[in-house]
Protein chains: 2
Amino acid sequence: MADCSHCIIKSFNAIKTLTKEELQKFSEHKTSLIIRKGENLMTEGNAINGLYCIKDGKCKLTKLNTNGKEQIIKFIKGGDILGQRSILSDEPVGLNCTALEDMRVCFIPKGDILETIKENSQFSLNLMKNISHQLNEANTLVSQMAQKPVKDRLAETLLNLEEIFGQDNEGCIDVILTREEIANTIGTATESAIRLLSNLKKDGVIDLISKKIKIINKNALKNLSQGY
Amino acid sequence: MADCSHCIIKSFNAIKTLTKEELQKFSEHKTSLIIRKGENLMTEGNAINGLYCIKDGKCKLTKLNTNGKEQIIKFIKGGDILGQRSILSDEPVGLNCTALEDMRVCFIPKGDILETIKENSQFSLNLMKNISHQLNEANTLVSQMAQKPVKDRLAETLLNLEEIFGQDNEGCIDVILTREEIANTIGTATESAIRLLSNLKKDGVIDLISKKIKIINKNALKNLSQGY
DNA sequence: AAAATTTAATGATATTTGTCATTTCATTCA
DNA sequence: TGAATGAAATGACAAATATCATTAAATTTT
């Protein structure tokens with residue numbers, strides 16, 4: 001089994017502040033797993049007893065509303081870490097994590113993490129930084145959801161998706177989402193999302209190439225996302 | 001100046017895990033301040049160099065949207081702590097904190113907090129727990145804002161306000177907000193909020209007694225908040 | 001206490017967004 | 001390959017929400 005001290009993920013997040021020894025401790029107890037497209041890595045309400053390091057693949061973090069609708073809160077890709085929040089707060093997982101494509105993931109048991117938190121205050125601080133940053137993002141998102149019209153939120157989301165997943169070799173946003181998933185990200189009806197996408201295409205702001213989306217006029221999207 | 005080890009606030013939050021000695025260190029450098037109604041304790045985008053302990057009073061945490069609208073993210077009252085997120089992430093403050101009534105606040109400098117984090121891993125863990133919990137709340141709020149209609153959000157907000165601020169001796173929710181502030185909490189136009197409140201009154205679910213709101217039928221509100 | 005100002009309430013109307021029905025297109029799989 | 005399924009697109013319409021205008025009530029100021 002591969003040694004955590006060589007994993008690329010250690011260059012990101014809080015993990016990067018760990019010593020070689022600490023990483024090797026992680027290696028000893030870690031397990032690797034494959035999550036197939038459509039499968040859940042975590043499920044809302046369940047307990048979790050470790051941290052997930054995403055080596056590869058893309059996923060969505062969602063919440064099921066009381067009215068039965070799925071809200072996508074965030075997109076995650078290789079290099080990211082999942083499960084910190086739940087481990088640290090000792091609460092059940094708050095979000096579902098569903099693979100958008102096959103994923104390779106490492107699992108590090110909770111005990112190792114908590115031990116390292118106690119021993120390495122820098123690791124601890126970095127984890128906090130991480131979650132603090134996420135909290136700020138979430139607050140911003142609350143504000144946008146509450147006050148921006150659907151068109152603005154769609155524009156914002158498209159920019160955000162390109163930011164996270166980058167472009168493929170045709171210049172399209174490098175992730176495949178259904179229209180329903182896009183709608184569930186911006187919090188609207190699927191038909192509304194489809195209509196607005198069509199309008200953006202008609203206006204030459206984006207292009208729709210089969211299931212992929214290509215941003216043609218980034219500035220126009222930026223303006224739209226701010227209501228202009 | 002009063003000794004932090006006697007402050008009631010220490011019974012809440014992460015502060016409660018501190019030793020008497022640690023609290024006394026806080027006492028030495030802390031400063032007390034009074035924030036008048038309408039004044040800001042923190043301002044979005046500004047740096048912060050310490051932690052605020054709210055002794056007394058109520059305030060709102062808001063975000064100014066790019067379209068110039070104020071979104072209220074959270075309400076805070078005596079016993080709560082403010083500024084952790086910004087200190088820990090080393091980022092500017094993300095939210096405005098505006099007093100809804102006169103407040104008494106203690107300020108503890110960043111240095112003391114960071115030192116204590118390094119020395120007391122339990123304190124550190126509790127801070128993380130706190131922020132992790134807030135992150136979960138924020139994610140839930142995103143989902144609600146994105147997917148629930150305004151009426152549901154109003155019902156939810158009224159229940160939430162009573163939960164936080166309790167009742168005065170007439171059984172009304174013990175906080176005075178303008179209709180605009182209520183609208184800015186649920187993310188709608190002021191007129192819409194007013195109309196929905198009037199409807200709730202007409203249906204006997206709440207009563208409007210001058211500026212105060214009294215919940216008459218809590219169950220009805222609970223049902224409404226879930227779309228029934 | 002009266003005037004001035006702000007906040008709340010209400011009506012009329014426009015705009016946005018959601019829902020339902022139908023068609024077109026793409027994908028799966030037998 | 002072609003039937004079957006699911007996703008995307010579009011139209012027609014309904015419902016929700018915002019905006020603007022006006023009036024009424026409450027609060028502050030003089």
Side-chain angles (χ1 to χ4, degrees), chain A residues 36-38 65 67-71 100-101 144-158 172-173 175-203 206-214 224-225 227-228, chain B residues 36-38 65 67-71 100-101 144-158 172-173 175-203 206-214 224-225 227-228:
Chain A
R36 297 285 170 202
K37 178 175 177 175
N65 228 322
N67 53 24
K69 289 184 199 157
E70 169 189 282
Q71 176 63 37
L100 295 167
E101 50 184 51
Q144 287 179 356
M145 287 301 189
Q147 302 210 318
K148 287 191 176 177
V150 176
K151 201 203 286 184
D152 304 28
R153 272 145 49 196
L154 174 59
E156 180 88 35
T157 295
L158 293 177
C172 297
I173 299 173
V175 65
I176 290 182
L177 299 171
T178 64
R179 300 295 187 237
E180 192 182 5
E181 283 171 324
I182 293 176
N184 291 347
T185 308
I186 64 185
T188 192
T190 306
E191 295 93 328
S192 298
I194 289 174
R195 264 183 254 271
L196 290 170
L197 281 171
S198 299
N199 288 345
L200 287 178
K201 179 176 177 174
K202 204 166 47 188
D203 296 346
I206 62 171
D207 203 359
L208 302 173
I209 301 166
S210 73
K211 297 254 292 185
K212 288 221 169 176
I213 299 172
K214 182 181 200 163
L224 279 173
S225 77
Y228 302 121
Chain B
R36 299 283 169 202
K37 179 176 174 172
N65 228 321
N67 52 23
K69 289 184 199 159
E70 169 190 283
Q71 176 64 35
L100 295 168
E101 49 184 52
Q144 287 179 356
M145 287 300 189
Q147 301 209 320
K148 286 190 176 179
V150 176
K151 201 202 286 184
D152 304 25
R153 269 142 54 194
L154 174 59
E156 180 88 35
T157 295
L158 293 177
C172 296
I173 298 174
V175 65
I176 290 183
L177 298 172
T178 64
R179 299 295 137 121
E180 193 183 1
E181 283 171 324
I182 293 176
N184 290 348
T185 308
I186 64 185
T188 190
T190 306
E191 295 94 326
S192 298
I194 290 174
R195 265 182 253 271
L196 291 171
L197 282 171
S198 300
N199 288 346
L200 287 178
K201 180 178 177 171
K202 203 166 49 188
D203 296 345
I206 61 171
D207 203 0
L208 303 172
I209 301 166
S210 72
K211 297 255 288 184
K212 288 223 167 173
I213 299 173
K214 183 181 199 163
L224 278 172
S225 77
Y228 302 122

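Residue numbering restarts at 1 for every chain, and letters A, B, ... go by the order of the sequence lines.
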- Message: Could you go through N199(A) and K151(A), starting from their C-alpha distance and side-chain angles, then the distance that decides it, and tell me whether this counts as side-chain contact (heavy atoms from CB on, under 4.5 Å)?
- Response: CA-CA 10 Å; N199(A) 288 345; K151(A) 201 203 286 184; over 6 Å; no
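More than 12 heavy atoms of other residues, nucleotides or ligands lie within 6.0 Å of NZ in K212(B), so this atom counts as buried by the packing criterion.
The base of dG18(C) is not paired with the side chain of R195(A) by any donor and acceptor separated by under 3.5 Å. Side-chain N/O atoms of R153(B) and base N/O atoms of dT17(D) include no donor-acceptor pair closer than 3.5 Å. Side-chain to base pairing of R179(A) with dT10(D): no donor and acceptor N or O lie closer than 3.5 Å to each other.
Across all strands, T188(B) comes closer than 4.0 Å only to sugar-phosphate atoms, never to a base (heavy-atom distances).
Comparing K211(A) and V150(A) by the nucleotide of DNA chain C that holds the closest heavy atom to each, the one mapping nearer the 5' end is V150(A).
Of the residues D207(A), I176(A), I182(A), the one that meets the side chain to side chain contact (heavy atoms under 4.5 Å, CB included) test with I213(A) is I182(A).
Nucleotide dA8(C) holds its C1' atom 15 Å from the CG atom of N184(B), rounded to whole Å. For the pair K69(B) NZ and dT19(D) C1', the interatomic distance rounds to 11 Å; values are reported in whole Å. In this structure, the CG atom of L196(A) is 12 Å from the C1' atom of dG18(C), given to the nearest Å. Across the protein-nucleic acid pair, N199(A) atom CG and dT16(C) atom P stand 11 Å apart, rounded to whole Å. Spacing between atom CG of L197(A) and atom C1' of dA8(D) amounts to 11 Å, rounded to whole angstrom units. The distance from atom CD1 of I194(B) to atom C1' of dA18(D) is 13 Å, rounded to the nearest whole Å. In this structure, CD1 of I213(B) is placed 10 Å from P of dA8(C), rounded to the nearest angstrom. Separating the CD1 atom of I182(A) from the P atom of dA8(D) is a distance of 8 Å, rounded to the nearest angstrom.
Side-chain atoms of P149(B) lie closest to dT17(D) of the nucleotides dT17(D), dA18(D), dA21(D).
Pairing each heavy atom of A183(B) with each of T190(B), the nearest pair is CB-CA, 3.6 Å. Residues T185(A) and M145(A) share a closest heavy-atom pair of O-CE, 3.0 Å.
Comparing the helix axis at one end of the helix from dA1(C)-dT30(D) to dA30(C)-dT1(D) with that at the other, each defined from 5 consecutive pairs, gives an inter-axis angle of 40° (nearest 10°).
With hydrogens and angles disregarded, a donor-acceptor distance shorter than 3.5 Å links the side chain of R153(B) to the backbone of I186(B). Judged by distance alone, with hydrogens and angles left aside, the side-chain atoms of K69(B) form no donor-acceptor pair with the main-chain N or O of N184(B) at under 3.5 Å.
OP1 or OP2 of dT10(C) has at least one side-chain nitrogen or oxygen of S198(B) nearer than 4.0 Å. Listed pair S192(A) / dG18(C) meets the phosphate criterion, a side-chain N or O lying under 4.0 Å from OP1 or OP2.
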